[in-house]
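We count residues from 1, following the sequence as given. Given the structure is predicted, the values throughout are model-derived calculations rather than measurements. Every heavy atom of this structure was used, including side-chain atoms; hydrogens, water molecules and symmetry mates were not.
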Amino acid sequence: MSSLSTFALYGLRIETDLALRAPLAEASAVPDFSIRRGEDLPTEYPAPPGEVWAAADFGHGVSVRLAKTAAGWSLLYPNTAEVRFAPDLCSATLHNAPGKAHILPLLLTSSIPTWWLNLRGESILHASAVALEGRALAFIGASGMGKSTLATLLCAHGATLITDDALRLEKSGDGYACHFGPGELRLRPAAAALAGQFAPECTTVSADGRTTVRLNTLAPKLPRLAAIVIPQPSRETTALRVERLSLVQASFQLNSYTRVIGWQAEGPLRRQFEWFSHLAQRVPVSKLTVPWGPPFATGLAEQIWEALDSSPP
């Protein structure tokens with residue numbers, strides 16, 4: 001039997017028998033959630049019966065389905081894995097399809113915690129975020145819009161990585177604080193050259209074939225979210241351009257870029273709308289047109305911070 005470890009992810013303490021590339025929680029930490037590997041799924045495995053709460057098809061044979069079942073909850077990644085949550089959401093078992101065991105740690109450091117948090121009443125942004133001098137900047141958008149690329153660029157020039165792909169926020173006073181993710185940037189092939197700006201021991205290849213950069217994300221306190229940016233990569237423009245969004249535009253865009261999509265249940269949809277509408281009132285949201293690379297222009301990272309600081313309210 002594999003030993004259990006407790007990892008610190010997104011402000012959670014996750015106990016598991018899987019080996020994760022994530023920071024360990026303090027030895028005395030009481031787990032928020034316990035998940036263990038279960039038996040492999042059969043080759044032919046139909047979706048379990050139940051009330052479907054969410055379903056999304058991402059194309060290329062990738063999809064996800066959340067259903068409330070007689071035994072609790074089923075989070076199904078067809079042909080890849082299934083998570084079976086207990087009714088109280090305090091524990092779960094994780095089952096892989098044949099030949100897919102290597103994907104389980106990746107799911108457990110990215111997708112699974114965001115679904116768990118949503119079931120517990122939170123909404124998570126599809127975002128990468130970095131911090132500089134205590135201020136956090138989040139890049140939101142769909143897959144392929146340049147979130148990880150820009151986060152990597154800024155980290156190569158002194159910023160601290162907060163998270164890649166999923167951003168959990170916590171209300172703090174009249175604003176929001178950012179929780180840290182697993183401490184790893186995952187780069188698509190077009191941006192893989194950016195990994196060369198970091199020490200060789202920081203780079204590796206993820207289970208899904210992406211170049212990854214492992215960074216130290218330790219900080220004395222959670223960074224305060226100062227701005228949210230929607231990247232607009234452009235190979236035609238030669239200068240940064242910032243477009244500050246109105247409250248209505250910002251709320252719409254935030255609701256468009258949530259990490260968990262495909263809700264069919266009314267409750268989570270309403271909660272998500274309310275959460276992001278409140279966020280839009282507290283944190284500026286802008287579209288940022290960026291001269292795209294690689295190679296990127298010298299000084300671009302500094303220009304991004306300066307452009308956001310000087311953008312009109």
Side-chain angles (χ1 to χ4, degrees), residues 6-18 20 22 25 29-38 41 47-58 62-78 80-96 103-127 140 163 165-171 176-182 254-279:
T6 303
F7 297 91
L9 284 168
Y10 310 110
L12 302 173
R13 298 173 296 273
I14 301 176
E15 181 187 66
T16 182
D17 54 0
L18 292 173
L20 304 183
V30 177
D32 297 297
F33 175 54
S34 180
I35 183 167
R36 290 167 170 73
R37 185 174 175 186
L41 299 173
E51 178 188 359
V52 177
W53 275 44
D57 188 341
F58 305 101
V62 180
S63 61
V64 65
R65 173 187 183 268
L66 175 70
K68 190 172 185 179
T69 69
W73 299 86
S74 166
L75 179 61
L76 179 66
Y77 304 88
T80 301
E82 182 192 14
V83 187
R84 298 172 186 167
F85 294 103
D88 62 3
L89 296 174
C90 290
S91 62
T93 54
L94 181 53
H95 310 260
N96 62 272
I103 297 294
L104 299 185
L106 181 59
L107 290 176
L108 192 47
T109 55
S110 57
S111 179
I112 293 172
T114 63
W115 282 96
W116 186 85
L117 285 164
N118 271 260
L119 282 170
R120 296 293 296 259
E122 297 191 34
S123 295
I124 310 301
L125 280 172
H126 196 180
I140 67 170
T163 189
D165 191 55
L167 175 60
R168 182 192 182 195
L169 298 172
E170 178 180 313
K171 291 181 181 178
Y176 289 82
C178 302
H179 282 287
F180 288 91
L254 291 174
N255 276 280
S256 298
Y257 298 125
T258 179
R259 181 60 178 79
V260 169
I261 65 173
W263 285 112
Q264 298 178 14
E266 181 180 348
L269 280 172
R270 184 188 305 113
R271 182 190 66 240
Q272 177 180 294
F273 179 81
E274 293 172 350
W275 177 268
F276 289 135
S277 295
H278 187 274
L279 176 61

Flag side-chain contact, heavy atom, 4.5 Å: F276 against L125: yes

Would you name the heavy atoms of W116 and L89 that are closest together and state the gap between them? NE1-O, 2.6 Å

Pairing of R37 and D17 as salt bridge, 4.0 angstrom limit: no

Atom pair OG1/CG of T163 and L9 - distance to nearest 0.5 Å: 9.0 Å

Roughly how far, to the nearest 0.5 Å, is CD1 of I35 from OG1 of T93? 7.5 Å

Between R270 and E266, is there a salt bridge with N-O shorter than 4.0 Å? yes

Minimal heavy-atom distance between L169 and C178, with the atoms involved, is CD2-SG, 3.8 Å

Nearest heavy atoms of G11 and D32, plus distance in Å: O-OD2, 4.3 Å

Donor-acceptor list for residues 62-69 side chains, cut-off 3.5 Å, not counting sequence neighbours:
residue : atom : partner : partner atom : Å
R65     : NH1  : P48     : O            : 3.2
R65     : NH2  : P48     : O            : 3.2
T69     : OG1  : A71     : N            : 3.2
T69     : OG1  : G72     : N            : 3.3

Using side-chain heavy atoms (C-beta onward) and a distance below 4.5 Å, is P182 in contact with L20? no

Just verifying a value: how many Å separate L279 CG and K171 NZ, rounded to the nearest 0.5 Å? 9.5 Å

Does S111 use its side chain to pair, donor to acceptor, with the backbone of L107 at less than 3.5 Å? no

Quick one about T114 and Y10 (side-chain donor to acceptor, distance below 3.5 Å, no hydrogens or angles considered), yes or no? no

E122/R120 salt bridge by N-O under 4.0 Å criterion: no

List for me each residue that meets salt bridge (charged side-chain N to carboxylate O under 4.0 Å, His left out) alongside R36, sequence neighbours excluded, and say none if there are none. E15

Student check: side-chain heavy atoms of C90 and F33 closer than 4.5 Å: no

What pairs with R271 under salt bridge (charged side-chain N to carboxylate O under 4.0 Å, His left out), at least two apart in sequence or on another chain? none

Quick one: do the R259 and N118 side chains pair a donor with an acceptor below 3.5 Å? no

Should I112 and Y77 count as side-chain neighbours, where that means a heavy-atom distance under 4.5 Å? yes

From L167 atom CG to S123 atom OG, the distance as rounded to the nearest 0.5 Å: 12.0 Å

Audit row: W263, F273, ring pair (Phe, Tyr, Trp, His ring centres under 6.0 Å) steps and yes/no: CA-CA 12 Å; W263 285 112; F273 179 81; over 10 Å; no

Taking C-beta and beyond as the side chain, do N255 and Q272 meet within less than 4.5 Å on heavy atoms? yes

Give the C-alpha distance, both sets of side-chain angles, the deciding distance and a yes or no for ring pair (Phe, Tyr, Trp, His ring centres under 6.0 Å) between W115 and W73. CA-CA 11 Å; W115 282 96; W73 299 86; over 10 Å; no

Which heavy atom in F7 sits nearest to a heavy atom in L18, and how many Å separate them? CE1-O, 3.8 Å

Given side chains that start at C-beta, do those of L41 and E82 come closer than 4.5 Å, heavy atoms only? yes

Heavy-atom donor-acceptor pair, R84 side chain to A92 backbone, under 3.5 Å: no

Indicate yes or no: at least one non-hydrogen side-chain atom of L117 is less than 4.5 angstrom from one of R168. yes

CG-OG1 distance between L12 and T6, expressed to the nearest 0.5 angstrom: 12.0 Å

